[in-house]
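For ligands, and for the atoms within them, numbers begin at 1 and follow the listed sequence.
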Amino acid sequence: MEKIDFSKIAIEYEKLATVQKSASEVLLKLLKIRNSEDVLDLGCGTGHLTREIRSLTNGKVVGVDPSEGMIREAIEKSKGLNIIYEVKSAENMDYEESFDVILCNSAFQWFKEPEKAIKNCYRALRRYGRIGIQAPAKKTYCPNFIEAIELVKRDERTKDTFAHFKEPWFFLETAEEYKSLFEKCGFKVVFSKIKEITTKHTPDEVFRIFSSGAIAGYLNQDYYDVKLTEEYISAFKEMVKKAFKKQAKKGFVELKFNRVFLIAVKQT
Ligand SMILES: C[S@@+](CC[C@H](N)C(=O)[O-])C[C@H]1O[C@@H](n2cnc3c(N)ncnc32)[C@H](O)[C@@H]1O
């Protein structure tokens, strides 16, 4: 059975990733990239944001992501744009004073060792360099998804397998906690807020949004210690789709995401 992870969803990713894209616009505004700055896009995925960064600066632009499939797509989509892409995780980066700006959109929640990753970012930045992150936050990061997963937890067809699911994500509950984490790693935090963002979509669109990120956790063999079957995967998807249909009022779902926006500066 084929593994459901970011490499698997890479080809479809840009069509599905509408919520990640709109949140990234807010992050870009907060970061105010200047036209000679060297920028690292951390957890760049297929590079849609990396290409936008390319249009903002004449400096060096680098995209890093541990998913080979994502980087393959990013390289394919960025031909002739003078962007460097590398298959690497945030925890394995070894850049030293190489960038003025690091941007990390909708990827921080996936970091296995957030503190190690933040320390690597600190080392990768030059003095007064800044990092901006946007990521889903709080255990209730998306109440719509969580409500749908409650059905999976209870249904006879899925409950036994789902009991073996180990959530891969890293969430903190308050903006203050995110701030403290970055301060612990040496940064001065100049902005930290959790915003609840609501957008309206058809149930099918919500399922596509679910398929652009959350599915790489919930249906990824790596996060279960029992073997996933085709039956489990299709019952899971069917239930989640049904839940989004039930959430719709007059054909539209109010999709809520809690998102942290944080900007921090390297002082020394
Ligand atoms: C939802 S996608 C976001 C991609 C892109 N930044 C965007 O805004 O569309 C999350 C990305 O984080 C990457 N990721 C997961 N773990 C990571 C890690 N430890 N370090 C860096 N990136 C990671 C995934 O491979 C995936 O491409």
Side-chain angles (χ1 to χ4, degrees), residues 3-31 33 39-54 61-78 83 85-95 99 101-124 131-137 141-142 145 166-171 181 197 208-220 222-223 255 257 259-262:
K3 186 168 151 185
I4 301 182
D5 61 5
F6 276 113
S7 285
K8 168 95 169 36
I9 61 185
I11 292 172
E12 289 284 300
Y13 179 78
E14 288 196 21
K15 268 191 268 161
L16 310 174
T18 49
V19 289
Q20 291 91 332
K21 281 184 192 162
S22 55
S24 73
E25 295 305 325
V26 179
L27 182 61
L28 274 176
K29 274 199 190 111
L30 285 169
L31 266 173
I33 294 170
V39 183
L40 171 66
D41 183 5
L42 181 54
C44 64
T46 55
H48 72 92
L49 202 48
T50 333
R51 298 193 292 281
E52 192 169 344
I53 294 166
R54 176 71 291 168
V61 176
V62 178
V64 158
D65 199 288
S67 157
E68 284 181 21
M70 284 293 205
I71 290 292
R72 210 178 304 124
E73 273 297 298
I75 292 172
E76 183 61 33
K77 287 183 154 73
S78 309
I83 300 174
Y85 286 107
E86 294 194 81
V87 178
K88 223 180 249 183
S89 72
E91 291 84 347
N92 290 328
M93 295 191 307
D94 54 5
Y95 301 111
F99 299 98
V101 180
I102 297 176
L103 176 145
C104 183
N105 189 62
S106 289
F108 190 69
Q109 75 277 16
W110 289 98
F111 291 1
K112 291 192 175 68
E113 296 171 89
E115 207 174 307
K116 185 171 177 196
I118 298 169
K119 284 181 181 154
N120 286 348
C121 288
Y122 193 88
R123 202 179 51 235
I131 179 166
I133 67 154
Q134 176 289 116
Y141 70 101
C142 176
F145 291 1
K166 292 268 172 312
E167 217 178 85
W169 302 294
F170 171 78
F171 297 127
L181 177 63
I197 298 174
R208 285 202 283 277
I209 292 165
F210 181 81
S211 303
S212 73
I215 208 166
Y218 289 121
L219 287 180
N220 189 335
D222 290 350
Y223 308 124
L255 181 65
F257 264 98
R259 295 188 176 277
V260 60
F261 293 85
L262 179 144

For Leu42, which of Phe99, Phe108, Phe111 qualifies under side-chain contact (heavy atoms from CB on, under 4.5 Å)? Phe111

Quick check on ligand 1: any N or O pairs to the protein under 3.5 Å? One line per pair.
residue  : atom   : partner : partner atom : Å
ligand 1 : 6 (N)  : Gly43   : O            : 2.7
ligand 1 : 6 (N)  : Asn105  : O            : 2.8
ligand 1 : 8 (O)  : Asn105  : O            : 3.3
ligand 1 : 8 (O)  : Asn105  : ND2          : 2.7
ligand 1 : 9 (O)  : Tyr13   : OH           : 2.6
ligand 1 : 9 (O)  : His48   : NE2          : 2.8
ligand 1 : 19 (N) : Glu91   : OE1          : 2.8
ligand 1 : 20 (N) : Ala90   : N            : 2.9
ligand 1 : 25 (O) : Asp65   : OD1          : 2.6
ligand 1 : 27 (O) : Asp65   : OD1          : 3.4
ligand 1 : 27 (O) : Asp65   : OD2          : 2.7

Could you pull out all residues at least two apart from Tyr85 that satisfy ring-ring contact (aromatic ring centres under 6.0 Å, His included)? none

Between Glu76 and Arg72, is a salt bridge (charged side-chain N to carboxylate O under 4.0 Å, His left out) present by the stated rule, with each step listed? CA-CA 6 Å; Glu76 183 61 33; Arg72 210 178 304 124; over 6 Å; no

Measuring from atom CD of Gln134 to atom CG of Leu28, what distance do you get when rounded to the nearest 0.5 angstrom? 10.5 Å

Using the ring of each side chain (for Trp, its six-membered ring), is His48 parallel, tilted or perpendicular to Tyr13, with breaks at 30° and 60°? tilted

According to the interplanar angle, ranging from 0 to 90°, do the rings of Phe257 and Tyr141 count as parallel (below 30°), tilted (30 to 60°) or perpendicular (above 60°)? tilted

